[in-house]
Amino acid sequence: MKSRAEVVIIGGGVIGLSIAYHLGKLGVEDVVVLEKNYIGSGSTFRCASGIRAQFTDEANIKLQKYNIERWKRLSDELEHDINFKQSGYLFLATSEEEVEVFKKNIKLQNKFGVPTRLISMDEAKEIVPPLNTEPFLAGAWNPEDGKASPFHVVYGFAKKAKEFGVEIYEYTPAVDIIVENCEIKGVKTERGMIKTETVVNAANAWAPVVNEMAGLKRDFVPIKPYKHQLVKTEPIAEGQIEPLTCPPAWNDSYVIQDGEDGGVICGTGLEKLTHLDDVQPTYDFIREVLKWATKIIPALKYVHVVRQWAGFYAKTPDKNPAIGKINYIDGFYIAAGFSGHGFMMAPGVGEAIAELIVKGKSKVPLDWDWYDPHRFERGELRSAAFQIG
């Protein structure tokens, strides 16, 4: 194991690996990623795979519009097929009040170049043939939203990062961060010390633990682990439920077809604030999610559930991530607390943090003030962005 590195990234999920890849791309030669388990094992491999720009605030819309352009090029960039497909996102309104909210959101998204539009249920039925249209009045549809394979994305970032000289140490947890006179001196691991002056906290749900290692209060960035679960059915006819399809009023429930094998991933907003070791799926969730999924797509009554799993939404109080430099410690950065959006934001966030470290600024349209990790201690919470999918 290296005894010295220019940058140490704590967290080997999609965010940490994206940062590592982009640092390598910028010519940073000595980058180390520390992962306490195997890469992708935290939230990344447990996500529903969706990628969208349908948010309800300017900062997230702009960032995600940029990210979708990055996603379109990412397979070629990484020289690895990440199975990205612009299959769209379809949100469904169940009341006139909700239709008006959709119209307001669409107007804002259109203002920044996101081509969401309000569609009829006849159009929705053409997009998702097995959809139960009876309970719904209209849909918010963006065909440029999509999905990708979390497994291939993680592999692609890791493979390309290694080609740039990045060292990735799995099963190597950080146990302490050495800080002297507000300057980082190194990171202790179970395998030894790595001297460094720059650390990135990309540990998401575990980020408060990492902050505490650096001498900060654990709730300096108040990230809480909320257990979310998914089930997956056996394959159905290809292309039947390609878009992520969601009526927000139905407990934030959604369905999306797996882009690789045709199974249907089903989620719902049944969540539980828990501890970092609790990823045990529950029977209560199966009952709740299938109640809603079969109302959205009645044909799901006739397929079997083949898999169930749980992971974390690492949530901040305003459901927006903490991204940027931590001012109390020179060389300490954070990109965590994504509240379910880390996978879809990874290319642009990784690029922005890498450029911030190397150049002190970034060309990525990321609103540093909006995502400022110091906003919580100032009591400046942002608006809650759409959290579904």
Side-chain angles (χ1 to χ4, degrees), residues 13-23 25-26 40 43-44 47-78 80-89 91 105 108-116 140 142-150 152-154 156-157 160-161 200 202 204 243-244 256 259 313-314 319-324 335-356 361-371 382 385-389:
V14 69
I15 294 292
L17 292 170
S18 176
I19 295 167
Y21 160 71
H22 285 96
L23 284 169
K25 189 177 178 182
L26 288 172
S43 298
T44 304
C47 76
S49 78
I51 298 161
R52 62 178 166 84
Q54 287 193 68
F55 280 81
T56 56
D57 58 83
E58 178 179 343
N60 282 295
I61 293 168
K62 284 182 173 179
L63 176 59
Q64 282 310 102
K65 178 176 168 54
Y66 179 83
N67 265 319
I68 286 174
E69 291 303 311
R70 286 294 316 276
W71 281 107
K72 287 159 65 174
R73 305 190 302 269
L74 202 56
S75 287
D76 291 338
E77 192 175 321
L78 298 178
H80 181 78
D81 185 5
I82 61 167
N83 202 25
F84 174 66
K85 187 171 185 178
Q86 288 184 284
S87 50
Y89 260 60
F91 291 103
N105 294 341
L108 183 63
Q109 291 158 18
N110 291 168
K111 177 181 177 181
F112 299 109
V114 175
T116 315
N142 179 10
E144 294 189 358
D145 292 337
K147 57 192 174 187
S149 166
H152 286 291
V153 172
V154 163
F157 274 135
K160 204 66 177 177
V200 183
N204 210 27
L244 187 142
I256 183 172
Y313 275 19
K319 303 181 180 65
N320 285 276
I323 306 171
F338 284 89
S339 305
H341 304 140
F343 179 69
M344 64 179 72
M345 291 182 169
V349 170
E351 181 183 3
I353 286 287
E355 289 182 344
L356 183 65
K361 60 182 180 179
S362 174
K363 67 180 184 298
V364 175
L366 186 150
D367 187 335
W368 297 102
D369 288 336
W370 182 270
Y371 302 111
R382 310 310 184 203
F386 254 164
Q387 195 180 323
I388 305 152

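Model, not experiment: these values are computed from the prediction.
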Legend entry - With sequence neighbours excluded, residues passing salt bridge (charged side-chain N to carboxylate O under 4.0 Å, His left out) with Lys65: none
Legend entry - Contacts of type side chain to side chain donor-acceptor pair (under 3.5 Å), residue Asp145, not counting sequence neighbours: Gln54, Asn142
Inset, instruction - Applying side chain to side chain donor-acceptor pair (under 3.5 Å), name anything that partners Thr44, two or more places apart in sequence or on another chain. - result: none
Inset, instruction - Please report the C-alpha distance between Asn204 and Ile15 in whole Å, then the side-chain angles of each, then the deciding distance to 0.1 Å, and finally whether the side-chain contact (heavy atoms from CB on, under 4.5 Å) criterion is met. - result: CA-CA 9 Å; Asn204 210 27; Ile15 294 292; over 6 Å; no
Inset, instruction - Could you list the residues that satisfy side-chain contact (heavy atoms from CB on, under 4.5 Å) with Ala322, not counting sequence neighbours? - result: Val221, Ile334, Pro373, Phe376
Legend entry - Shortest non-hydrogen contact between Ala335 and Ile19, atoms and distance: CB-CD1, 4.3 Å
Legend entry - Pro321 and His341, any side-chain heavy atoms less than 4.5 Å apart: no
Legend entry - Over all atoms of both residues, closest heavy-atom pair of Tyr21 and Lys160: CE1-CG, 3.5 Å
Legend entry - Side chain Ser49, main chain Ser149, donor-acceptor under 3.5 Å: no
Legend entry - Flag, side chain of Asp57 to backbone of Ile61, donor-acceptor distance under 3.5 Å: no
Legend entry - For Asn320 against Ser339, the heavy-atom pair lying closest together: N-OG, 4.2 Å
Inset, instruction - With sequence neighbours left out, write down each residue that passes side-chain contact (heavy atoms from CB on, under 4.5 Å) with Asp367, or none if nothing qualifies. - result: Ala59, Asp369, Trp370
Legend entry - Residues in ring pair (Phe, Tyr, Trp, His ring centres under 6.0 Å) contact with Phe338, at least two apart in sequence or another chain: none
Legend entry - Side chains of Leu63 and Phe55 in contact at under 4.5 Å (non-hydrogen atoms): no
Inset, instruction - For the pair Asn110 (side chain) and Thr116 (backbone), establish whether a donor and an acceptor sit closer than 3.5 Å, ignoring hydrogens and angles. - result: yes
Legend entry - Leu366 to Ala352 - nearest heavy-atom pair and separation: CD1-CB, 3.9 Å
Inset, instruction - To the nearest 0.5 angstrom, please state how far the OH atom of Tyr89 sits from the NZ atom of Lys147. - result: 10.0 Å
Inset, instruction - Provide the full list of salt bridge (charged side-chain N to carboxylate O under 4.0 Å, His left out) pairs with a residue in residues 342-355, sequence neighbours left out, each pair given once. - result: Arg70-Glu351, Glu351-Lys363, Glu355-Lys363
Legend entry - Qualifying residues under side chain to side chain donor-acceptor pair (under 3.5 Å), relative to His152, sequence neighbours excluded: His80, Glu260
Legend entry - Heavy-atom side-chain proximity of Asn67 to Gln64 below 4.5 angstrom: yes
Legend entry - Residues which pass side-chain contact (heavy atoms from CB on, under 4.5 Å) with Ala354, listed by chain and number, not counting sequence neighbours: His22, Leu23, Leu26
Legend entry - Pairwise distance CG(Asn60) to CD(Gln109) - rounded to 0.5 angstrom: 11.0 Å
Legend entry - Interatomic spacing from OG in Ser87 to CG in Leu244 - rounded to 0.5 Å: 8.5 Å
Legend entry - Derivation and outcome, side-chain contact (heavy atoms from CB on, under 4.5 Å), residues Phe157 and Leu74: CA-CA 9 Å; Phe157 274 135; Leu74 202 56; 3.9 Å; yes
Just list the side-chain donor-acceptor pairs under 3.5 Å for residues 342-350, sequence neighbours left out, or say none.
none

Legend entry - Those residues that, when tested against Lys72, pass side-chain contact (heavy atoms from CB on, under 4.5 Å) (two or more places apart): Ile68, Glu69, Phe84, Gln86
